[in-house]
Amino acid sequence: PWDGGLSFAFHDDAAPPGVSFVTPPFASAAGGKALTVLGLNFHPAASSACVFSLPSGGASGGASGGDHVATLATRATFEGSASLTCASPPVAADSLGTARVSVYALPPAADGGEEPPLSGQDLLDAATAAAAATTRAGGGGGDGGGGDHLSLSRASAPLTFYDEGAPPAVRALVPPLAELNAAGNLASVVVVGSNFAPVGSSLLCRLDGEESPAEIGTFLNGSAVRCPLPLPSEPQDRSLRVSTDGGASWSDATVVTFY
């Protein structure tokens, strides 16, 4: 009979690592969140780092799909050819919003040396420099110029940084009006603001009033959430609030007009 076994990780030396998505898809601005990056072509002996391209101009930059220019990196740990783990870095308040996560990986030397090609701060500096060079070149990851064209992943995945100790801030509704004859007895508006996060069923929208239950919102990005709204029986103005912690705290109110 077979006794035990060995696991193998197959790696294509002619291709960069790939990134599919990050779980969980959100992290506190304080940093230290354990993240799993799923993708392909990760090398078990590579010096690897997660690279975080932060939204420019804070959360509003991330929401509008603006440039991601500031970069941070943390060391990544190999878990399998399709999985790495790393910790999220702390970010400043003006970089809250939806960032992009890519992977930087330097495989071991071709001569089979035991020492990693880079480690510590040198690895993190090389990772952020490669991401910055790709951004300047207008590339999407591993297509960047220089010797890092096979070290930085071509693809990236979203990760939203938010301040978990503060409620969302609401600026506007799009549209600010809702028809009373909406299908399914629910209207839908997009709430624009900041400090939103993809926290699943903890992302709630609520119209003020005891008769209005909270509804689960749909995360769009760090600055936009789609809210379903139960329709009142007659035209009126109602106050709408958003929560990212299951209703323990709520944003300030903004007014939606039902007509």
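For this chain, numbers begin at 1 and follow the sequence in order.
The shortest side-chain heavy-atom distance between Leu240 and Val255 does not fall under the 4.5 Å cut-off. Residues Leu84 and Thr77 are not in side-chain contact: their nearest non-hydrogen atoms beyond the backbone lie 4.5 Å or more apart. No side-chain heavy atom of Thr244 sits under 4.5 Å from any side-chain heavy atom of Phe219.
The distance from the CG atom of Asn195 to the OG atom of Ser251 is 10.5 Å, given to the nearest 0.5 Å. One distance of note links CG of Leu159 with OG of Ser156; it measures 11.0 Å at 0.5 Å rounding. In this structure, CG in Leu72 is found 10.5 Å from OG in Ser88, a value given to the nearest 0.5 Å. Considering OG of Ser223 and CZ of Phe196, their distance stands at 7.5 Å, rounded to 0.5 Å. To the nearest 0.5 Å, the span separating CD on Gln236 from CG on Leu180 amounts to 8.0 Å. Going from atom OG of Ser194 over to atom CZ of Arg171 covers 6.0 Å, rounded to the nearest 0.5 Å.
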Check the pair Asp237, Val256 against side chain to side chain contact (heavy atoms under 4.5 Å, CB included), reporting the backbone distance first and the verdict last. CA-CA 6 Å; Asp237 290 340; Val256 55; over 6 Å; no

For a side chain to side chain contact (heavy atoms under 4.5 Å, CB included) check, start with the C-alpha distance between Thr85 and Phe78, then their side-chain angles and the critical distance, and finish with the verdict. CA-CA 7 Å; Thr85 56; Phe78 178 85; over 6 Å; no

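Looking only at distances, a side-chain donor or acceptor of Ser153 sits under 3.5 Å from a matching main-chain atom of Val103. Here the side chain of Ser243 pairs a donor or acceptor atom with the backbone of Ser249 at under 3.5 angstrom.
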Without placing hydrogens or testing angles, list every side-chain donor-acceptor pair under 3.5 Å for residues 14-38, not counting sequence neighbours.
| residue | atom | partner | partner atom | Å |
| --- | --- | --- | --- | --- |
| Ser28 | OG | Ala30 | N | 3.1 |

Distance-only donor-acceptor hits, side chain of residues 224-233, under 3.5 Å, sequence neighbours excluded:
none

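Every residue two or more places apart in sequence or in another chain was checked for a side chain to side chain contact (heavy atoms under 4.5 Å, CB included) with Pro90, and none qualifies. Listed by chain and residue number, Asp208 satisfy the salt bridge (charged side-chain N to carboxylate O under 4.0 Å, His left out) test with Arg206 (two or more places apart in sequence, or in another chain). Every side chain to side chain contact (heavy atoms under 4.5 Å, CB included) that Asp122 has, sequence neighbours left out, goes to Leu118. Applying the side chain to side chain contact (heavy atoms under 4.5 Å, CB included) criterion to Thr128, with sequence neighbours excluded, gives Thr71, Ala73. Applying the side chain to side chain contact (heavy atoms under 4.5 Å, CB included) criterion to Ala92, with sequence neighbours excluded, gives Asp94.
In the model, Ser53 has no side-chain atom that pairs as donor or acceptor with a side-chain atom of Arg100 under 3.5 Å. For Asp245 and Ser202, the side-chain atoms include no donor-acceptor pair closer than 3.5 Å.
Sequence neighbours left out, the pairs with a member in residues 160-170 that pass side chain to side chain donor-acceptor pair (under 3.5 Å) are Thr98-Thr160. For residues 25-54, the disulfide (SG to SG under 2.5 Å) pairs, not counting sequence neighbours, are Cys50-Cys86. Legend: salt bridge (charged side-chain N to carboxylate O under 4.0 Å, His left out) pairs involving residues 71-80, not counting sequence neighbours: none detected.
Under a 4.5 Å side-chain heavy-atom criterion applied to ILVMFWY residues, the cluster that includes Val192 comprises Val174, Val190, Leu220 as well. The hydrophobic cluster containing Leu177 also includes Tyr259, under a criterion of side-chain heavy atoms closer than 4.5 Å among ILVMFWY residues, counted directly or through chains of members.
The shortest heavy-atom contact between Cys205 and Trp250 is C-CZ3, 4.2 Å. Residues Phe161 and Ser95 approach most closely at CB-O, 4.5 Å, considering heavy atoms. Nearest heavy-atom pair across Phe52 and Ala87 is CZ-O, 3.8 Å.
The environment of CG in Asp252 is sparse: at most 12 heavy-atom neighbours from other residues, nucleotides or ligands sit within 6.0 Å.
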